[in-house]
Amino acid sequence: MSHELPKAYDPSVIEERWARYWVEERLFDVATPAEDTQDTTKKFTILLPPPNVTGRLHMGHMLNQTEMDILTRWRRMLGETALWVPGTDHAGIATQMMVERQLASEGSSRQQLGREAFIERVWDWRAHYGGAILDQMKRLGASVDWSREYFTMDERLSLAVREAFVRLWEQGLIYRGAYIVNWDPVLKTAVSDLEVTHEERQGKLYHIRYPLADGTGSITIATTRPETLLGDTAVAVNPNDERYRALIGKKVRVPMTGVNGGADREVPIVADDWANPEFGTGAVKVTPAHDPNDFAIGQRHKLPSLTILDETAHVLLPGSPYHGLDRYAAREKLLADLEAAGMLVAVKDHALAIALSQRSGAVIEPRLSDQWFIAVNKQPASGGNSIAQNAIDAVDAANGAKPAIQFTPEMYKKIYLEWMTNIHDWCISRQLWWGHRIPAWHCGECKEITVARETPTKCGKCGSANITQETDVLDTWFSSGLLPFTVFGWPQNMADIRAFYPTQLLVTGFDILFFWVARMIMLGCHFMLDVPLPDGSKRELKDAVPFREVYIHALVRDAERQKMSKTKGNVIDPIEIVEKYGTDAVRFTLASMASPGTDIAFSEGRTEGYRAFANKIWNAARFLFMQMDAAQKAGYTVSVGAPPSPSASSSAQVGALPETTPLETRWMFSRLSAVSAEVERALAAYRFDEAASAVYQFFWGEFCDWYLELVKLRLDFGENHTKNDITAITLASLVAVFESALRLLSPFMPFLTEEIWHALYNNAAPAKSIALTRYPLAADFPADAAADAAMKTLQDLIVTVRALRKELGVPEKEAAPIQLHASNRVLALADANCDMLSRLARVQSVEFANESLTGTNARSTSEFDVTIVYERQIDVAAERERLTKELAKFEKGLAAAQKQLGNEAFMAKAPAHIVDGLRKQAAETQMLYDKAKTALEALPK
RNA sequence: GGGCGGUUAGCUCAGUUGGUUAGAGCGCCUGCCUUACAAGCAGGAUGUCGGGGGUUCGAGUCCCUCACUGCCCACCA
């Protein structure tokens with residue numbers, strides 16, 4: 001007995017084994033092609049969006065990886081050089097927080113450890129826990145090149161980051177300066193605009209009276225953040241506001257700003273267009289150090305900036321009664337004091353969008369501080385386009401030309417361009433310890449900044465040795481934005497760059513469209529334009545882009561369409577689901593639900609269904625193996641042909657079929673050809689849902705439901721069996737179809753197909769993995785329209801007879817004769833295939849009728865009338881109901897058709913094939929209507 | 001304040017450039033342990049395609065409008 005396959009399908013047993021095998025055998029590693037050979041193989045290079053090293057795999061990852069794996073396996077099987085590069089991101093803030101939390105639980109802190117020891121500690125943490133998410137990936141069978149695994153803090157990548165920074169600096173595209181940034185008072189660092197979310201909250205608008213310094217009156221301002229008045233350096237009014245025109249240039253005393261018992265600060269009233277006469281009182285306080293708009297006003301009017309909050313958002317104003325108070329405590333006290341002094345004029349409800357730090361949840365405090373920026377809209381010193389302009393041109397080609405980067409769904413192109421067009425300079429400095437430290441040194445003497453590739457020993461300007469390195473690190477997205485070229489060795493080793501850059505595709509979620517996708521385009525285009533093409537010619541934008549296509553996928557939600565989140569407790573752990581149903585079933589679920597533009601409501605019910613599908617495949621294999629063994633015993637030579645290799649030329653796998661090939665086999669190959677074409681079309685368009693449903697329908701609905709049942713007719717190896725051609729042809733075809741179907745399925749269900757495929761070859765498979773064989777192509781199998789049509793008719797006949805039998809109450813096992821009235825073609829078909837009718841519809845015999853058949857035992861289709869010869873009376877009431885319903889349906893159809901056909905405008909304007917089709921259909925409907933009517937009238941009253 | 005999606009069977013979703021009488025899976029109902037599979041087989045029921053208006057010979061599909069819903073962006077105190 002050969003072909004070992006346990007009776008029960010148990011994914012847990014087979015999946016871990018193959019997952020390990022794929023990694024250990026290094027099946028998906030791709031070596032750098034030798035440069036002197038003319039390698040014309042198409043490349044499919046794809047970068048895994050690196051998960052945070054702190055991360056645990058979630059459904060979003062699994063969707064992302066499933067999609068990438070399907071595409072990569074598919075391309076690989078098409079003979080392309082498929083390289084999928086994995087790695088992890090050092091995730092500055094997230095990782096630092098994680099380790100700090102750990103330290104806190106030990107009663108320690110990073111400050112206690114000091115910078116160096118802390119970073120050591122993070123590396124330790126990473127060594128212990130950092131591999132978790134990639135291990136999970138291995139379990140999911142991702143066909144990545146593990147030999148190229150990277151970490152964004154690796155020595156090699158760190159050097160590249162430093163190089164990129166220095167070059168930008170040299171090009172004048174990086175500057176340092178004091179600007180208002182989003183300050184996270186919990187993490188004590190600046191964060192970028194993208195890392196801030198806004199939340200609608202009910203707040204208050206406070207009207208506060210500022211007395212004029214000359215004692216002639218007062219002006220009332222409106223603010224939502226009264227505590228910031230401690231840092232006010234002006235009051236602004238609109239120059240066109242009649243109410244205040246006379247006050248412009250006068251001074252006011254900002255209440256409660258006296259220090260050490262001194263007088264309140266005097267500040268000017270300035271005229272500025274920013275002040276909106278419609279809002280509040282029309283007069284606005286100006287706090288340049290704590291509000292971006294106020295900062296701008298300050299610049300326009302040369303106002304001083306007064307920082308009154310420290311890095312933890314406590315009041316920093318020595319000598320003031322508010323000094324040391326948290327910003328909200330200060331607000332309370334200040335309001336109470338103002339109230340007592342009669343300065344608080346009004347308090348109004350006011351809805352405001354409050355800025356929150358995405359990471360810590362803290363309320364962002366705009367704060368003036370020294371930060372590093374990339375000037376994205378500035379031309380490089382050496383000439384050329386600004387970073388943003390290149391990033392726009394790459395996606396929105398001039399004169400309607402095909403852009404270098406294409407988005408799927410296309411809608412995201414618009415969103416991207418909108419953002420890129422309005423982009424501000426990118427704040428890349430973070431006040432963290434974990435990350436790429438900025439390669440800049442401050443001179444203690446002349447204050448000059450020296451930016452260098454190698455650690456300098458003295459100031460680049462005055463030569464002083466009194467220099468200290470910048471303490472800030474770079475935004476994590478700066479390094480990950482460089483990945484498409486740094487993973488391939490830029491700037492030192494360019495062999496892989498020449499072979500693999502640009503990557504073909506990026507698959508990711510829209511949540512990192514700006515964070516990562518946009519930054520890769522910005523940095524990729526900018527740096528790679530300077531790298532010549534392999535043939536030495538100048539690289540243009542179309543080849544400088546980091547990837548040629550971007551596929552943005554949906555969000556995975558829970559079954560109730562809720563976003564999964566830890567706080568809601570509705571997070572579905574993919575590993576748990578995988579353990580329950582098997583990776584293949586979960587992958588198939590995600591693929592089948594991944595239609596572009598729609599979020600996925602993950603439901604276990606679907607997964608259950610696809611586990612059933614996996615089980616179906618398993619059992620089909622068992623059936624096949626039984627047949628092979630039986631055939632062998634009956635004296636047949638059963639061999640499984642080797643599939644084509646991926647690089648094989650596209651000559652057909654199965655040529656012309658022998659004359660004696662039975663109908664169902666001709667049909668099956670024809671279907672296999674059609675479904676191969678459909679899958680190819682769907683995957684090329686990223687329609688994972690359509691591809692999945694095509695293979696599902698093919699395998700279950702056609703191969704199992706029809707073909708396997710029909711081949712049983714030819715494969716009866718009982719005692720009376722004599723060797724014959726039809727059996728041999730059927731057997732060989734069955735095996736070939738099944739083997740092809742496994743390859744067709746394998747990108748979707750890699751584990752199951754791998755297991756069965758090896759069993760099919762008795763563990764002596766012609767390749768190390770099914771993943772290294774060629775994907776089925778439409779041209780591999782003979783299409784046969786005649787067989788398709790014939791099978792369609794027979795299927796109709798069989799289904800009609802089954803339904804009729806059920807209705808008549810013919811016992812399941814009892815065979816019954818039928819009468820058939822139809823065209824000669826159909827009659828001949830039924831005659832030639834009466835064994836099919838017998839097997840699948842328990843037809844005892846077929847009698848051909850000359851007259852149209854109606855009556856209680858009859859059913860009609862456009863091609864035939866059929867009656868079952870069976871004495872039992874039908875349920876008259878039920879039959880009447882059915883016929884009445886059918887009549888109504890036909891009437892409706894007829895009425896619609898006649899209305900159309902009677903419409904002169906339609907007849908004149910509609911294309912001929914539509915009119916003909918409608919005519920034909922109307923005629924058929926009329927016929928069916930007549931028959932149903934006759935049948936209804938024939939029913940006993 | 002801008003912008004973008006979604007609304008189709010009880011549930012989750014397809015439905016390509018307008019074209020004949022709108023589909024799938026799950027669930028539901030009925031009958032079957034038919035020797036690959038009860039995680040199965042066979043049969044069956046189910047929709048005023050969110051409301052209204054318009055364009056067209058023809059609208060689930062295009063336009064307008066309303067409603068509900070989700071998301072993104074935004075420096076109005």
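Note on naming: letters A, B, ... go to the chains in the order of the sequence lines (proteins, then strands), and numbering restarts at 1 for each one.
- Among the heavy atoms of the strands lying under 4.0 Å from A/K7 are primed sugar atoms or P, OP1, OP2 only; no base atom is included.
- If you check every strand for non-hydrogen atoms under 4.0 Å, A/R622 touches sugar and phosphate atoms only.
- Counting non-hydrogen atoms under 4.0 angstrom, A/E278 reaches nothing in the nucleic acid.
- The side chain of A/L352 sits closest to B/rA77 out of B/rG43, B/rG25, B/rA77.
- Residue contacts for A/A621: at a heavy-atom cut-off of 4.0 Å it reaches no nucleic acid atom on any strand shown.
- Counting any heavy atom pair closer than 4.0 Å across all strands shown, A/D705 reaches sugar-phosphate atoms only and no base atom.
- Within the 4.0 angstrom heavy-atom criterion, only backbone atoms of the sugar-phosphate kind lie near A/V799; the bases stay farther away.
- For the pair A/K616 and A/F703, the cation does not sit on the ring face, since its NZ or CZ is not both under 6.0 Å from the ring centre and inside 45° of the axis.
- Across all strands shown, A/G203 has no heavy atoms under 4.0 Å from either base or sugar-phosphate atoms.
- Note on A/W274: a base of the nucleic acid sits closer than 4.0 angstrom, heavy atoms only.
- Ion pairing of A/R859 with A/D796 is absent here, as no side-chain N (NZ or NE/NH1/NH2) approaches a carboxylate O to less than 4.0 Å.
- Between A/F279 and A/H350, the two ring planes are perpendicular [angle over 60°; tilted spans 30° to 60°].
- Taking the six-membered ring where the residue is Trp, A/F738 and A/F625 present perpendicular rings, their angle passing 60° and hence far from 30°.
- Taking the side chain of A/A222 as heavy atoms from C-beta on, and the options B/rA36, B/rC72, B/rA77, the nearest nucleotide is B/rA77.
- Looking at heavy-atom distances under 4.0 Å, A/R839 makes no contact with the nucleic acid at all.
- Among the heavy atoms of the strands lying under 4.0 Å from A/L708 is at least one base atom, whether or not backbone atoms are also near.
- Base contact: A/R611 has a heavy atom under 4.0 Å from a base atom.
- At the phosphate of B/rC41, OP1 or OP2 sits under 4.0 Å from a side-chain N or O atom of A/W700.
- A/F295 comes within contact range of no nucleotide atom at all, as no heavy-atom separation falls under 4.0 Å.
- A/W618 places no side-chain N or O within 3.5 Å of a backbone atom of A/L752 that could act as its donor or acceptor partner.
- Within 4.0 Å (heavy atoms only), A/K813 reaches sugar-phosphate atoms of the nucleic acid but no base atom.
- With B/rC71, B/rC41, B/rC75 as the candidates, the nucleotide lying closest to the side chain of A/F510 is B/rC71.
- Among the heavy atoms of the strands, none lies under 4.0 Å from A/Y610.
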